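Keep in mind that this is a model prediction, so the values were computed, not measured. Values below: every heavy atom of this structure, side chains too, minus hydrogens, waters and symmetry copies. Nothing fancy with the numbering, it's 1 onward along the sequence.
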Amino acid sequence: MTVSELAQQIGGELKGDGSVLVHGVSAVDAVTPGCVTLAENEELFAKAEASQAAAIVVSFDLRESRKPLIRVTKTALALAKMLAIFHPPQRPEAGVHPAAFVGRDVRLGSGVHVGPHAVVKDGASIGDRTVIDAGAVVGEGVVIGADCVIHCNATLYRDITLGSRVIVHSGTVIGSDGFGYAQDGKTRVKIPQVGTVVIEDDVEIGANVAIDRSTLGATVVKRGTKIDNLVQIAHNVVIGENTVVCGLVGVSGSVTIGDNVTIAGQVGMADHVTIGSNATIGAQSGVSKSLEGGQYYLGSPAVPIGLASRQYAVWANLPELSKRVRELEKQLEELKKR
């Protein structure tokens with residue numbers, strides 16, 4: 001397409017020759033001739049200007065350039081749009097592979113693909129254009145909406161619900177039993193997990209994630225939330241809309257997380273806590289009590305960032321403070337002897 005057409009599609013402002021043709025996107029350090037590249041600062045712009053890029057996407061004002069420029073507000077968003085334009089998702093052909101298994105009373109919508117060695121058990125319902133890739137397992141009574149992708153070797157246990165445009169990556173298990181036991185003397189008695197899991201529209205779930213079904217009711221992941229790889233979400237958790245959960249996070253049972261929350265890597269949460277909307281929890285934090293929304297938290301136990309910064313400053317000086325305390329104690333003992 002032309003640079004002018006690209007600028008229009010990504011919502012950018014064109015400066016320069018809009019008739020130049022572009023056929024892809026390249027990183028600024030390895031530009032392929034005829035591609036567009038991004039420059040987020042002056043240093044990267046100098047590299048892009050000297051490269052064989054057909055055009056440059058920038059997020060700051062420039063007076064001059066030898067190349068056509070597309071000015072945008074957010075380069076990351078522009079990159080996402082351009083990659084979607086030049087690399088549209090490749091969906092396999094509709095139909096059920098001969099090596100797949102489809103049970104009784106299964107509803108397959110229009111354009112559904114069921115790959116080799118995939119299993120769709122009795123009573124499942126799969127919406128239009130959804131892909132069940134090779135080796136994936138869809139349990140009894142599972143309901144999946146339209147335009148979903150269940151990647152290879154993902155497992156959906158029985159009687160759970162996925163909305164539309166949900167992506168589940170390989171190795172993920174949704175609907176396994178919650179970790180619930182009652183003590184009977186020295187014996188732990190399993191509490192049957194008879195609830196369900198509800199994944200709403202436009203959720204993406206990374207590889208090797210575990211989302212447990214609820215004891216009663218539902219474990220819920222709401223619309224637009226994105227979950228990274230290697231995350232554990234326990235029974236009866238509710239995660240709000242457009243929340244981001246990064247890798248290696250562990251969410252204990254009955255936690256409630258609000259909308260637009262960011263949970264950084266390796267955060268751990270105690271059970272039954274509530275995280276308010278628009279909160280951010282920094283990496284490796286431990287959440288032992290409920291946190292209000294709209295603040296940035298850090299540390300273990302997690303506290304507001306201002307307090308955490310003061311705590312870290314004290315901890316950094318602990319060796320020196322300990323040494324001074326020992327010296328003062330020694331001086332005090334000497335004074336007592338006089």
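Looking at heavy atoms from C-beta onward, Val22 lies out of side-chain contact with Thr2 at the 4.5 angstrom threshold.
Using modelled atom types, no side-chain atom of Arg129 and backbone atom of Ser110 make a donor-acceptor pair closer than 3.5 Å. Asn317 contributes no side-chain N or O that, together with a main-chain N or O of Glu320, makes up a donor-acceptor pair within less than 3.5 Å. Looking only at distances, a side-chain donor or acceptor of Ser214 sits under 3.5 Å from a matching main-chain atom of Gly217. When atom types are taken as modelled, the side chain of Lys121 and the backbone of Arg104 share no donor-acceptor pair closer than 3.5 angstrom.
Taken to the nearest 0.5 Å, the NZ atom of Lys226 stands 13.5 Å off from the SG atom of Cys246. Of the inter-residue distances, the one linking Lys289 atom NZ with Met269 atom CE reads 15.0 Å to the nearest 0.5 angstrom. Here the CZ-OG1 distance, from Phe60 to Thr75, works out to 9.5 Å after rounding to the nearest 0.5 Å. Atom CD1 of Ile10 and atom CD1 of Ile85 lie 7.0 Å apart (nearest 0.5 Å). Rounded to the nearest 0.5 Å, atoms CD1 (Ile174) and CD1 (Ile150) are 6.5 Å apart.
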| said: Pair Tyr297, Glu292 - check side chain to side chain contact (heavy atoms under 4.5 Å, CB included), show working. | reply: CA-CA 10 Å; Tyr297 297 91; Glu292 294 182 359; 3.7 Å; yes
| For Arg71 and Asp61, what are the C-alpha separation, side-chain angles and deciding distance, and is it a side chain to side chain contact (heavy atoms under 4.5 Å, CB included)? | CA-CA 8 Å; Arg71 189 176 183 279; Asp61 289 319; 2.9 Å; yes
| request: Evaluate side chain to side chain contact (heavy atoms under 4.5 Å, CB included) for Leu248 paired with Val231, printing each intermediate quantity in order. | output: CA-CA 5 Å; Leu248 298 172; Val231 170; over 6 Å; no
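Remark: Glu241 engages no residue in a salt bridge (charged side-chain N to carboxylate O under 4.0 Å, His left out) (not counting sequence neighbours). Remark: Asp133 pairs with no residue by the salt bridge (charged side-chain N to carboxylate O under 4.0 Å, His left out) rule, at least two apart or across chains. Applying the salt bridge (charged side-chain N to carboxylate O under 4.0 Å, His left out) rule to Asp29 yields the partners Lys47; only residues at least two apart in sequence or on another chain are considered.
For residues 245-287, the set of pairs meeting the ring pair (Phe, Tyr, Trp, His ring centres under 6.0 Å) definition, not counting sequence neighbours, is empty. The salt bridge (Lys or Arg N to Asp or Glu O under 4.0 Å) pairs that include a residue from residues 203-213 number zero, where partners must be two or more places apart or lie in different chains. Contacts classified as salt bridge (Lys or Arg N to Asp or Glu O under 4.0 Å) and involving residues 164-189 (residues at least two apart or in different chains) are given here: Arg165-Asp201, Arg165-Asp202, Asp177-Lys190.
Ionic pairing of Glu49 and Arg66 is present here: one or more N-O contacts between side-chain nitrogen and carboxylate oxygen are shorter than 4.0 angstrom.
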